[in-house]
Amino acid sequence: MGRFVTKSLPLPEDQLRNIFKKYDANNDNKLSKEELKKAFEYLGSIIPGFRADRVLHHADANKDGYVNEGEMDELVKYAVRVGFTVKS
């Protein structure tokens, strides 16, 4: 009897953007390290704290410790590049 394999598909960029925005807990239009960590936990990261640190290093252009609306594209590009997926 054969096994069924679930294939992971990349999330569309707009869906990733909406997921990250959902984790803006205080609605200040920027994501803190803790908010990013929770978003990466939701996305299934086994190391969400590391991912939050890396994305801040990569996407936080003004180095204020947050990913703001203007930096969101870089956050999404990072998430796509490191392969965040959902099970279909």
Side-chain angles (χ1 to χ4, degrees):
M1 187 169 267
R3 289 181 40 202
F4 290 98
V5 177
T6 305
K7 182 167 171 98
S8 296
L9 300 173
L11 287 167
E13 289 186 18
D14 60 335
Q15 191 175 352
L16 275 170
R17 183 181 313 280
N18 288 337
I19 288 168
F20 285 119
K21 286 182 177 184
K22 183 174 93 171
Y23 282 88
D24 180 12
N26 57 359
N27 295 312
D28 62 356
N29 293 318
K30 57 186 181 181
L31 294 165
S32 67
K33 180 180 175 181
E34 192 58 34
E35 290 167 332
L36 289 164
K37 181 180 172 186
K38 288 178 182 177
F40 282 113
E41 284 173 4
Y42 172 81
L43 290 169
S45 174
I46 58 171
I47 46 174
F50 172 79
R51 288 289 169 217
D53 281 338
R54 295 309 304 150
V55 82
L56 282 170
H57 175 77
H58 178 76
D60 182 16
N62 65 3
K63 304 299 180 206
D64 66 351
Y66 297 90
V67 174
N68 64 40
E69 194 69 30
E71 298 162 336
M72 185 67 70
D73 285 345
E74 288 304 313
L75 166 58
V76 171
K77 285 179 190 175
Y78 172 84
V80 168
R81 188 171 58 254
V82 298
F84 280 95
T85 59
V86 291
K87 298 285 184 193
S88 58

**Q** Is the shortest side-chain heavy-atom distance between L31 and K21 below 4.5 Å?
**A**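 SC-SC contact between L31 and K21 ruled out.
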
**Q** Do the non-hydrogen side-chain atoms of V55 and V82 ever get within less than 4.5 Å of each other?
**A**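 Sidechains of V82 and V55: no contact.
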
**Q** State, yes or no, whether a side-chain contact exists between V67 and E74 at a heavy-atom distance under 4.5 Å.
**A**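 The answer is no; the side chains never approach within 4.5 Å.
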
**Q** Are the charged groups of D53 and K37 less than 4.0 angstrom apart, N to O?
**A** no

**Q** With rounding to the nearest 0.5 Å, note down the distance linking CG in D64 to OG in S32.
**A** 11.0 Å

**Q** Classify the angle between the aromatic ring planes of H58 and Y78 as parallel (below 30°), tilted (30 to 60°) or perpendicular (above 60°).
**A** tilted

**Q** Could you report the tightest heavy-atom contact between A61 and E71, atom names first, then the distance?
**A** N-OE2, 2.9 Å

**Q** According to salt bridge (Lys or Arg N to Asp or Glu O under 4.0 Å), who are the partners of D28, at least two apart in sequence or on a separate chain?
**A**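 In terms of salt bridge (Lys or Arg N to Asp or Glu O under 4.0 Å), with neighbours along the sequence ignored, D28 is linked to no residue.
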
**Q** Tell me, do D60 and N62 make a side-chain contact under 4.5 Å, heavy atoms counted?
**A** yes

**Q** In the single-linkage hydrophobic clustering (I, L, V, M, F, W, Y; side-chain heavy atoms under 4.5 Å), do Y23 and L56 co-cluster?
**A** yes

**Q** So which heavy atom on F20 is nearest to which on A39, and how close?
**A**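 In this case the closest contact between F20 and A39 is CD2-CB, 3.6 Å.
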
**Q** Which heavy-atom pair separates L75 from A59 by the least distance, and what is that distance?
**A** N-CB, 3.7 Å

**Q** If two hydrophobic side chains count as joined below 4.5 Å and joins carry through other members, does F50 share a cluster with I46?
**A**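 Linked, F50 and I46 end up in one cluster.
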
**Q** Contact between D24 and E35 at the side-chain level, heavy atoms closer than 4.5 Å - yes or no?
**A**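 D24 vs E35: side chains touch.
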
**Q** Are I19 and F40 in one and the same hydrophobic cluster, where Ile, Leu, Val, Met, Phe, Trp and Tyr link if side-chain heavy atoms are under 4.5 Å apart?
**A**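 Yes.
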
**Q** Measure the spacing between NZ of K33 and NZ of K38 and express it to the nearest 0.5 Å.
**A** 13.5 Å

**Q** Which atom names give the shortest non-hydrogen contact between A79 and L16, and what distance separates them?
**A**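 Looking at all heavy atoms of both residues, the closest pair is CB-CD1, 4.1 Å.
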
